[in-house]
Amino acid sequence: MESPHLYPVKLYVYDLSKGLARRLSPIMLGKQLEGIWHTSIVVHKDEFFFGSGGISSCPPGGTLLGPPDTVVDVGSTEVTEEIFLEYLSSLGESLFRGEAYNLFEHNCNTFSNEVAQFLTGRKIPSYITDLPSEVLSTPFGQALRPLLDSIQIQPPGGNTVGRPNGQS
Amino acid sequence: MTPALKPSRNICLPSPNCPCWYLLPAYPLNSMSHVTSRAPRTDQSRCPSSLPADNSMSSSCTRVIVKTPAKQEDFTVADDILVRQFKEKLAAHFECQIDQLVLVFMGRLLKDEDTLSQRGITDGHTIYLVIKSKNGSRSLAHSSQNLPTNDHCHQDRNIKENNSGVCQTAGMSQVPVKSALFIESHVPNVQNQNLEVDNPQHAAQMLENLCFQQLLSNVEFMQQFVSGHLDKQQLIQQNPEVAHLLDNCESLWQTLELIRSLAIIQEIVQTQQPAQNLEHSLNPQPYLGLETIPSGNSVLCQSYADFSDQMFNSMQDPFGDNPSTGLLAGQLTGQVQSSTPPSSQEWQDQYPCLPTTRVICTDSCGLSSVTSTNANPNTLNHTSRTNMISTKDQSHVCAIQQPAGIPILPSIEVMQQLQEENKDGCVSVCSSDQQFEEDFQLLDEQATSQITGGIAQLFINYPHLAAQIMFMSMTPLSEQCRQQQPIFLQQSKLSDLLLALANPKASRAILQIEEGFQLLATEAPILLSCFVPYLSDSCWLPGVQCSFPDTVTRTWNAPDMAEPKRPECCHKSGAVLHRLQSLDGNSSQTPHAPEIRFRKQMKFLQDIGFGNYYANLQALIATEGDTNAAIRKLKKS
């Protein structure tokens, strides 16, 4: 039996604070944060991420954030592009609509984690997914929570992933 | 695929509980703990690694979780079920055709002829289900044929994100759309003046540069964006000076940065010292309320009155267009400005760098390590005598800005030099020089320790503001911030800032940070040329560019190599000043002289009875046309 074609899956990690978090977090939070992580999944030569505008895609490194700060190899997948786009469309209509975005509970990293598990069965590194709880466990985070809750992040440069017209 | 087990290679062991034969495969692949049962069926299945005695092999059930994009459900199936059979079950459950189902486990597509256990699916595992749509395949949104749609989507996103920003509580003006992150507030107010489409080429260009730099370099963009903003209209009405500010893209950016930091610090300071009684509100007046510093207060007021009108008015022009810069840099700048009549051309020609100088100095009040200009004034001092006054002017400015900056020594040295050189200068200037020097020494010590001491305290005591700094440094400013900015600045008193920052240890810490920046600057001079053009815009925030701190410090450091005698901060400030002089040119010139702007107020003041024309003018410049405040000022002097 022929071996199925495997597509590599990468996780692009961006530090939204551009190093500020690493410098200021000890003072502000009382604990060291290495960054404010925004992640996206790169597969089939496209980058997919979730923001306040829903699921978006762009060429790898194609958002205004520029190239990623870190690239994590998640694994490889047999899922073809067609199936993957179907999956993303379903996600975009259900779990990952734009209005479902929440900086703490349901953010880009939630999406990346979900997609990584779908594609490879593996989760993304925990230091990324633990970030909201890390912040919220500090007095600063708690104090700032109302403000942060209203924040929605949408890196520009991507295009919404959706179903073509008329498809159910 | 499952390795084929040939009977000849297996050891058959009878089991007391099951009539089935147990096969122990000889392959190293299967651990010896695994027991494979040869069921009567042709396909083979592997039991979970639990004790074989506890499993009824032929009818073991596995509970798998099937996750669709919308939901997840549990399914209990026999672990040796065929994928095809499983799909039949799912198709019935999800009411679709088997052909539409795609099962994914661990990134592998499940084929119909496999069994679940063959793929290693055991109890509790999650299988992903994708239900394909009935139509054919789709292409990715950003392929070429979808480009118009993409532009539209992106444009829509731009529209939505246009006026959003973090820190609605901070009085921030809004940075235009094209920044690295769009942060939307829940407030749905959207001024979609800026609908410049982010076409792919433009986005690609932007990607190659620093986000903020690109943002700001698009002058048309910014002007279009800002001009259409309702808040700007209000702001302009409140203060005509702001119009000058906003029309100039670079000064606007500087202003935004400064105001951003200023607002934070002001709020911090204000809460710390609510009792401080400031004479002047901050927005958008170009000077700090250093009067509140007790020892310097009366002396300062007198000093201001003694300033040469000519000198300070000339300085007014380059500074006037960026009043918010003056906020941080200080009151004294404003005071100085207020007393100088316009001999603008000469001074402007000589001080193309002044706005940026001020920016640098004001920024130093914040997080940056840029400090007052030291080397530059000295350099200018050594130039021709004709430039003396202008040099002195600049030094005055720099020295004035010292309170907002950090190092004391350079300004004092400069002042001393100036004093020596300018002995034959204007009489009023000289007299004010001496006073200035005394004042500055006083104020510098106070203000410096106050300012630098408080910054660390600020972050610790007011983490929400620190968060604001963090977010603001990387995001565009929300429309709400812009709306709140005038209110915010009016509420907080900048002199509180100076007074509140009183810890000398913190000033030492900041000096150390600056030293660190210097060290960074020495490491990689390569980036210097890349970022020099951006320096005039990016002189403030090392935080913003914390991924590029070396660039800024490098720029500082490069011209600074020739002046190693200067203490650490002086190095950088002088170097930056050099840089900015060469770069910034006359970008921040204000076309209107203060007399023209304040004609009405001047007349009013004279009608009231303030006969000293120049004093009136100074007061009006200092208060930016606020007649009442000017009257108060004049009364004090």
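Just so we're on the same page: letters track the sequence lines, and every chain starts at 1.
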A:Thr77 versus chain B, heavy atoms under 4.5 Å apart: side chain, backbone, both or neither? both
Sort A:Thr138 into side chain, backbone, both or neither according to what part of it lies under 4.5 angstrom from a heavy atom of chain B. neither
What part of A:Leu29 is in contact with chain B, defined as an atom under 4.5 angstrom from a non-hydrogen atom: side chain, backbone, both or neither? neither
Do you see a donor-acceptor pair shorter than 3.5 Å between the side chains of A:Thr110 and A:Asn107? yes
A:Glu99 and A:Arg97 ion-paired at < 4.0 Å: yes
Residue A:Leu119 versus chain B: region with a heavy atom under 4.5 Å: backbone
Identify which of B:Lys71, B:Lys67, B:Met106 forms the greatest number of heavy-atom pairs closer than 4.5 Å to chain A. B:Met106
Applying side chain to side chain contact (heavy atoms under 4.5 Å, CB included), run through A:Lys10 and A:Val72 and close with a yes or a no. CA-CA 6 Å; A:Lys10 300 262 190 264; A:Val72 177; over 6 Å; no
A:Thr129 versus A:Asn109, side-chain donor and acceptor atoms under 3.5 Å: no
Partner of A:Phe111 under ring-ring contact (aromatic ring centres under 6.0 Å, His included), chosen from A:Phe118, A:Tyr101, A:Phe96: A:Phe96
